[in-house]
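Keep in mind that this is a model prediction, so the values were computed, not measured. Just so it is clear: chains get the letters A, B, ... in the order the sequence lines come, proteins before strands, and each one is counted from 1.
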Number of protein chains: 2
Amino acid sequence: MADPKERVQSIIQKLKGSGHKITPQRLAIAKILADSKGHPSVEAIYDQISGDFPTMSLATVYRNILLLKSLGEVLELGFPDGSNRYDGNRPIPHPHVICIQCGKIVDPDLESLEEMKAEVANDTRFTILAHRLDFFGICHQCQAGEK
Amino acid sequence: MADPKERVQSIIQKLKGSGHKITPQRLAIAKILADSKGHPSVEAIYDQISGDFPTMSLATVYRNILLLKSLGEVLELGFPDGSNRYDGNRPIPHPHVICIQCGKIVDPDLESLEEMKAEVANDTRFTILAHRLDFFGICHQCQAGEK
DNA sequence: TTTTCTGCAAATGCTTTGCATGGGA
DNA sequence: TCCCATGCAAAGCATTTGCAGAAAA
């Protein structure tokens with residue numbers, strides 16, 4: 001996991017470099033994403049910031065996530081039921097393990113994905129540009145007790 | 001790829017066995033899904049059937065897909081932008097290769113996924129129940145010409 | 001001072017749902 | 001005949017957009 005502080009700096013650089021202003025709301029969003037504790041949802045980000053910025057709008061969260069995505073500083077984990085989650089700590093595609101009970105999302109260590117990509121490219125004659133790999137299951141805590 | 005005719009039969013059996021009626025609309029949807037040419041979207045299914053059933057409703061397509069999903073006869077490939085696709089030919093989770101230009105979806109041959117699943121389970125202490133693996137890229141036709 | 005950003009509310013677009021009618025078995 | 005299924009329209013929801021005022025730089 002990358003150092004959250006460094007990630008925030010990197011994001012700020014990208015923003016400035018592309019002619020964007022650093023507003024307090026934007027910075028707050030960037031900080032949460034750089035940390036990406038548990039891969040937050042839009043709601044989670046919004047709720048967390050609402051304490052400091054009572055007038056904060058959901059639209060602002062959406063707009064900034066969109067911006068950071070376009071700058072390649074945030075990875076979107078989109079789900080069809082609208083429960084999207086975000087990772088600004090490791091913005092490059094990587095596998096995720098998702099607890100279908102408590103919603104926790106964990107990054108596993110996996111090596112063999114690159115060779116798999118090569119195999120697929122060779123097999124299908126596609127030029128592979130990106131990928132998405134999710135495992136769904138029950139985490140250890142949820143198996144143990146109701147918590 | 002499974003034989004579409006056998007798949008239709010299998011789906012019909014599941015429907016009857018669970019006390020559901022075989023209506024013309026339902027049968028038409030089942031046939032298209034059993035074939036799953038290019039992994040159709042709801043719209044694609046709807047459009048294809050509209051010719052034979054001018055009064056066909058989108059709601060009916062949605063309701064039947066929901067039903068077939070609950071019976072385990074259809075695999076849903078959900079995308080956050082609402083461009084969901086369906087596979088009633090191979091309803092068990094398997095990798096997909098998606099052309100981001102023309103939308104084509106192909107099933108590659110991949111073996112190493114099972115061991116990867118075991119690795120993840122061991123690594124994270126999750127009980128893995130399902131997975132989703134998509135590769136995104138440009139297909140051979142789209143690379144060649146505009147088509 | 002200029003240009004971008006924010007907040008609010010209205011608009012979107014896919015999917016689901018309520019209800020009355022219609023059609024399998 | 002008895003229910004389940006369909007069609008239509010309205011409702012839901014996450015996300016996007018238009019606009020006017022606020023605030024970076």
What is the separation between atom [atom1] on [X] and atom [atom2] on [N], rounded to the nearest whole Å?
X: B:Phe53; N: C:dG23; atom1: CZ; atom2: P; result: 12 Å
X: A:Arg63; N: D:dA23; atom1: CZ; atom2: P; result: 16 Å
X: A:Ile29; N: C:dG7; atom1: CD1; atom2: C1'; result: 13 Å
X: B:Asp52; N: D:dG7; atom1: CG; atom2: P; result: 13 Å
X: A:Tyr62; N: C:dT6; atom1: OH; atom2: C1'; result: 16 Å
X: B:Leu15; N: D:dC4; atom1: CG; atom2: C1'; result: 13 Å
X: A:Gln25; N: D:dA22; atom1: CD; atom2: P; result: 14 Å
X: A:Leu27; N: D:dA25; atom1: CG; atom2: C1'; result: 16 Å

When you measure from the centre of the six-membered ring of B:Phe53, is the NZ or CZ of B:Arg26 closer than 6.0 Å and no more than 45° off the axis?
no

Are the side chain of [X] and the backbone N or O of [Y] linked by a donor-acceptor pair below 3.5 Å?
X: B:His96; Y: B:His94; value: yes
X: A:Arg7; Y: A:Glu73; value: yes
X: A:Arg90; Y: A:Leu75; value: no

Hey, are B:Asp35 and B:Lys37 close enough for a salt bridge, meaning a charged N less than 4.0 Å from a carboxylate O?
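Salt bridge between B:Asp35 and B:Lys37, a charged N being under 4.0 Å from a carboxylate O: yes.
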
Any side-chain N or O of [X] below 4.0 angstrom from OP1/OP2 of [N]?
X: A:Thr55; N: C:dG7; result: yes
X: B:Ser57; N: D:dC8; result: no
X: B:His20; N: D:dA5; result: yes
X: B:Asn64; N: D:dA5; result: no
X: A:Thr23; N: C:dT6; result: yes
X: A:Asn84; N: D:dT15; result: yes

Look at the side chain of B:Arg26 and the base of C:dG24, then say whether one donor and one acceptor between them are separated by less than 3.5 Å.
no

Given that B:Pro24 and B:Glu43 both sit by DNA chain C, which one's nearest nucleotide is further toward the 5' end?
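Closer to the 5' end of DNA chain C: B:Glu43.
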
Residue whose nearest DNA chain C nucleotide is more 5′ - A:Met56 or B:Asp81:
A:Met56

Heavy-atom nearest nucleotide on DNA chain D for A:Leu58 versus B:Gly19: which residue maps closer to 5'?
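Upstream on the strand: B:Gly19.
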
Which of the following nucleotides, D:dA24, D:dT6, C:dT17, is nearest to the side chain of B:Ala59?
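My answer, after comparing the listed nucleotides, is C:dT17.
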
